[in-house]
Amino acid sequence: MAYVELRGLVKRFDGHVAVSGLDLVLERAEFVSLLGPSGCGKTTTLCMIAGFETPDAGEVWVGGQNLLELPPHRRGMGVVFQSYALFPHLTAWGNVAFGMKIAGRPTAEVRRRVSELLELVGLGEVGSRYPRELSGGQQQRVALARALAIEPRMLLLDEPLSALDAVVRVTIREEIRRIQSALGVTTLYVTHDQEEALAISDRVVVMREGAIEQVGTPEAIYGEPASPFVAGFIGKMNQCAAVVEDPTRGQVRLGADVIRVPSDALAGWSRGGLVTVLLRPEAIGVSTDPAAANAEENRLAATVETVTFLGSVRRVAVQAGGQRLVADVPAAATGALVRGASVELGFPIAACRVQGWATFEDLGRSA
């Protein structure tokens, strides 16, 4: 039996279905992220585990126990909120110690545990400060230490970094992962930030409209999206409507152009079938020199529409094969790329993924 099992969870608010028949398992010490846009049901799912919301149907099992039989304060959940929710009248030390004192832990144990956790989160020198005297990143570390102080069955984090600036977010997310790994606590992390979820998770659960779209490792979610929504939500993905030309040779047609995909990707398809070719921008090279062609690559003539500076790369939007594609190329290599320029795209056959979305309208819905 898995350590955590969510079985058929359903939650409605005023007739609106927020979570629809959700099934999910987590192994002990696993770090799993619920990822999706606002309103997809990820926070509601977390709240049902914590006991802050009661499911209309379904069960929550942790360590072989049905938590629906227990009130929130007896579920043993460590919860970190987006808003920190620290007690303003208590110092950092007092905030971390609060749950242990309420549970009646011995004073010596409280002192030892709080000191250890403040050191673990890098705040050993600020235990005497009040929340108003701490930065946002420090307050979030205190909130994390407080959640861990009770030695929770699970750690539940609800958008814990969204109030922090970009640089601090990266630092704190790495600290959260380091601490979680060190303590081996099973963790469910709610976020709408794709980069965040991919960077720190063992598995990612992509949600949409109260249901799970795909569950997998960050590599699988990024490289093998299972639906138009996932392909459009995780990073930037070119989704090219194509027609199967010759399945045995791995050929598909984009407008008037024929490209090759891995032959096994067209297994079971017949000539004329409608498919979607998925291609990440970083897999596409852009050249103004036809002599640079590589026989092992697909080649497409294209016209530049826009060039956008993104730091280490420039995103080049082009028209090719009757469709709009984007390529991310090194910033230093884009000097000759201007609006209206004729260029040639090159991308490896192996970089092409094929999915059989039902109709081309699906592509529009994922935008």
Side-chain angles (χ1 to χ4, degrees), residues 4 11 13 18-19 26 31-54 60 62 67 71-103 114 117-118 120-123 126 129-166 168-177 179-180 183 185-193 196-197 200-201 205 207:
V4 178
K11 183 63 182 178
F13 295 104
V19 177
L26 284 75
F31 193 114
V32 174
S33 290
L34 297 182
L35 173 66
S38 297
C40 71
K42 53 190 187 294
T43 293
T44 300
T45 299
L46 181 145
C47 287
M48 287 190 284
I49 298 172
F52 305 146
E53 296 288 354
T54 302
V60 176
V62 177
L67 295 193
H73 67 278
R74 293 185 55 201
R75 294 191 182 192
M77 299 289 124
V79 185
V80 179
F81 299 100
Q82 175 181 341
S83 61
Y84 316 143
L86 299 179
F87 300 114
H89 63 289
L90 297 179
T91 62
W93 200 98
N95 269 279
V96 177
F98 181 82
M100 299 182 71
K101 289 183 175 181
I102 291 296
V114 173
L117 285 170
L118 286 175
L120 187 64
V121 300
L123 296 177
V126 301
R129 296 183 188 176
Y130 289 89
R132 64 180 179 275
E133 300 172 313
L134 301 174
S135 69
Q138 289 174 324
Q139 290 183 61
Q140 196 59 287
R141 289 171 189 251
V142 172
L144 177 61
R146 182 179 62 183
L148 293 169
I150 61 171
E151 298 178 288
R153 285 174 158 185
M154 284 186 72
L155 181 61
L156 306 175
L157 301 106
D158 184 19
E159 301 273 10
L161 309 182
S162 61
L164 304 177
D165 66 62
V168 175
R169 276 205 306 270
V170 173
T171 301
I172 301 298
R173 82 186 187 198
E174 292 173 351
E175 286 296 295
I176 288 174
R177 182 53 165 161
I179 293 165
Q180 184 271 340
L183 298 180
V185 59
T186 306
T187 300
L188 190 66
Y189 188 97
V190 166
T191 182
H192 64 271
D193 188 312
E196 200 168 274
I200 62 177
S201 307
V205 180
M207 294 185 65

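- Ile176 is listed as a side-chain neighbour of Leu161, based on a closest heavy-atom distance under 4.5 Å.
- Closest heavy-atom contact between Leu35 and His192: CD1-C, 3.7 Å.
- The shortest non-hydrogen separation linking Leu117 to Ala149 is CD1-CA, 3.3 Å.
- The minimum heavy-atom distance between Gly51 and Pro72, with the atom names listed, is O-CG, 3.2 Å.
- Considering only heavy atoms from C-beta on, Arg75 stays 4.5 Å or farther from Met154 through its side chain.
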Next on the checklist: Working note: Arg177 + Gln180, criterion side chain to side chain donor-acceptor pair (under 3.5 Å); need CA distance, chi angles, decisive distance, verdict.
Outcome noted: CA-CA 5 Å; Arg177 182 53 165 161; Gln180 184 271 340; 2.7 Å; yes
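- Heavy atoms only, all atoms of each residue included: Pro37 and Met207 are closest at CD-O, 3.7 Å.
- Arg173 pairs by the side-chain hydrogen bond (donor to acceptor under 3.5 Å, both in side chains) definition with Glu195, not counting sequence neighbours.
- Between Val80 and Gln140, the closest side-chain pair of non-hydrogen atoms falls below 4.5 Å.
- Between Leu155 and Leu144 there is a side-chain heavy-atom pair separated by less than 4.5 Å.
- Summarising the geometry, atom CH2 belonging to Trp93 is positioned 15.0 Å from atom CG belonging to Leu123; distances are rounded to the nearest 0.5 Å.
- In this structure a side-chain-to-backbone donor-acceptor pair under 3.5 Å is present from Thr187 to Val185.
- Applying the side-chain hydrogen bond (donor to acceptor under 3.5 Å, both in side chains) test to Glu196 and every residue at least two apart in sequence or in another chain returns Tyr189, Thr191.
- Inter-residue side-chain proximity for Pro131 and Val142 is flagged as unmet; no heavy-atom pair is nearer than 4.5 Å.
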